[in-house]
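Encoded as structure tokens, the structure appears first; notes follow it.
By convention here, the first residue in the shown sequence is residue 1. What you see is a predicted model; the values in this text were computed from it and never measured. All heavy atoms count here, side chains included; hydrogens, waters and symmetry mates do not. Start at 1 and go down the list; that is how both ligands and their atoms are numbered.
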Amino acid sequence: AFAIPGACVSIVPFGKGHINDTYLSRWRAEGAGGAREERYIHQRINDKVFRRPDQVMENIARVTSHLAEALRREGAGDVERRTLTVVPARTGESWHRDRGGGWWRTYLFIGGTRAEDRVESPAQARLLGAAIGRFQRMLADLPPPPLHETIPSFHDMRFRYRQLDDALAADAMGRARAVGPELEFFAANRKRGAALMEGLESGSLPPRICHNDAKLNNILLDEATGEALCVVDLDTVMPGTALFDFGDLVRTAASAASEDETDIERITFNVELYEALIRGYLPEAAGFLVPAETALLAEAGRNLAQIMGLRFLADYLAGDVYYKIGHASHNLDRCRNQIALVRSMDAARDEIDRITLSALARTRNA
Ligand code: ADP
Ligand code: GN1
Ligand code: MG
């Protein structure tokens with residue numbers, strides 16, 4: 001269905017995403033210089049999560065062409081490794097529907113890269129911070145119309161609390177009695193968690209195009225150099241606050257453990273990695289961030305960890321209907337992981353504030 005030359009040699013499941021079905025394929029084409037092998041990524045878009053895959057793809061086509069143009073303008077080499085490239089269907093659309101109604105898309109495979117669940121070093125964290133800042137900066141001048149909102153209320157904490165309340169009331173799996181301490185934690189933090197959405201609603205936080213899923217394993221790292229090469233998983237690129245992305249990166253890249261770690265003792269917030277992230281992010285983002293945004297940078301990681309914890313718990317109670325899971329308690333384990341991370345961030349709050357202020361001062365003086 002897609003405009004790929006040659007013959008398919010193999011196709012295998014790929015990656016560790018929680019939402020879509022991802023495959024890697026190899027193709028062999030005979031050319032003037034002999035046989036050539038090309039690789040592609042194919043994804044079946046999760047249409048339970050994304051109700052309008054056509055709108056998702058319309059967003060992604062606009063965003064990827066805009067990024068490619070911006071990269072070329074800035075003289076970046078290897079543009080096809082620095083942004084996703086959509087391979088159109090033979091119909092000319094950016095998607096293909098199979099006979100069962102499933103929605104598919106194809107990207108060029110970005111080889112020589114890996115997606116990690118933990119950061120290796122402060123130097124790498126700095127490059128990751130810069131990658132997300134750059135991504136936001138390059139999309140700041142995307143011409144109208146606004147992008148489609150592919151998942152409504154995606155990072156709206158109050159909506160996520162309501163989902164938890166509903167899942168708890170229904171208690172579809174009879175799991176509610178086993179999650180008392182987690183429910184207590186979320187009840188105690190209900191008010192504090194609203195800060196980002198309140199800022200967006202009051203207008204103090206300007207709406208911006210953001211990625212909305214800027215976690216560590218959605219950024220491909222160059223195998224050879226460790227460089228943060230390409231931000232992938234663009235399904236949720238839509239309006240939001242820049243803090244959603246900074247926060248998602250902080251919660252995943254400055255945690256000493258991965259999101260799947262179950263040993264609570266090991267889930268600690270690493271302030272050294274946080275410092276590197278923010279020092280990488282600010283030089284790219286300082287040109288557009290307003291004071292109301294910089295004032296909430298220190299809160300962003302905590303906020304995003306809270307919302308992910310809530311979502312994992314709601315899905316656990318609802319019977320694991322949203323996230324892909326590897327074992328029965330996976331969503332509960334992930335929820336506990338995020339709670340431990342919030343606690344560790346709270347314990348480090350003075351240090352986080354100090355590092356944030358000093359990074360802001362450094363950027364202003366640079
Ligand atoms: P999900 O929405 O399920 O998380 P992603 O779009 O993030 O799906 O893809 C899953 C994984 O596949 C990514 O984390 C990344 O490792 C890999 N991946 C996705 N697109 C590409 C690509 N074009 N080239 C190389 N790897 C990719
Ligand atoms: C999902 O698709 P993936 O695995 O990159 C989820 C994010 C969560 C993340 C938690 C569309 O991201 O919101 O932060 O899992 N994506 C969607 O790991 O819900
Ligand atoms: Mg992903």
R137 atom CZ, neighbour heavy-atom count above 12 within 6.0 Å: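 Atom CZ in R137 is packed in, count exceeds 12.
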Part of R114 within contact of ligand 1 (heavy atoms, under 4.0 Å):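 Neither; no heavy atom under 4.0 Å.
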Contact partition for L220 relative to ligand 1, non-hydrogen atoms under 4.0 Å: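 Answer for L220: side chain.
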Where is the nearest protein heavy atom to [atom]: which residue, which atom, and how far?
atom                    : value
atom 21 (C) of ligand 1 : I41 CG1, 3.6 Å
atom 17 (C) of ligand 1 : F14 CE2, 3.7 Å
atom 14 (O) of ligand 1 : N217 O, 3.0 Å
atom 24 (N) of ligand 1 : I110 N, 2.9 Å
atom 8 (O) of ligand 1  : Q43 NE2, 3.4 Å

Under 4.0 Å, counting heavy atoms only: does [X] come that close to any atom of ligand 2?
X    : answer
H155 : no
R311 : yes
N218 : yes

Short N or O distance, N218 and ligand 1, threshold 3.5 Å exclusive: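 Yes; at least one N/O pair falls below 3.5 Å.
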Short N or O distance, I19 and ligand 1, threshold 3.5 Å exclusive: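 Yes; at least one N/O pair falls below 3.5 Å.
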Mutual orientation of the aromatic rings belonging to Y23 and W104 [parallel < 30°, tilted 30-60°, perpendicular > 60°]: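 Taking W104 first and then Y23, their aromatic rings sit tilted (interplane angle of 30° to 60°).
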Whether N217 has an N, O or S atom under 2.8 Å from the Mg ion (ligand 3):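 No N, O or S atom of N217 is closer than 2.8 Å to the Mg ion (ligand 3), so no.
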The Mg ion (ligand 3) to nearest N/O/S of D233 less than 2.8 Å: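 Looking at D233, which is the residue asked about, there is an N, O or S atom under 2.8 Å from the Mg ion (ligand 3).
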Ring centre gap for Y40 and Y107 strictly below 6.0 Å: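 Here the rings of Y107 and Y40 have centres that are no less than 6.0 Å from each other.
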Nearest heavy-atom neighbours spanning V87 and F2: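 Heavy atoms only, the tightest pair is O-CD2, 3.4 Å.
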L297 vs L360 side-chain heavy atoms within contact, under 4.5 Å: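 They are in side-chain contact.
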For ligand 2, the portion of K215 having any non-hydrogen atom under 4.0 Å away: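 Side chain only; the backbone of K215 stays clear of ligand 2.
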Heavy-atom donor-acceptor pair, Y323 side chain to Y316 backbone, under 3.5 Å: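 No; judged by distance alone, with no hydrogens or angles, the pair does not exist.
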For A115, atoms of ligand 1 separated by under 4.0 Å from a heavy atom: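 In order of number, 16 (O).
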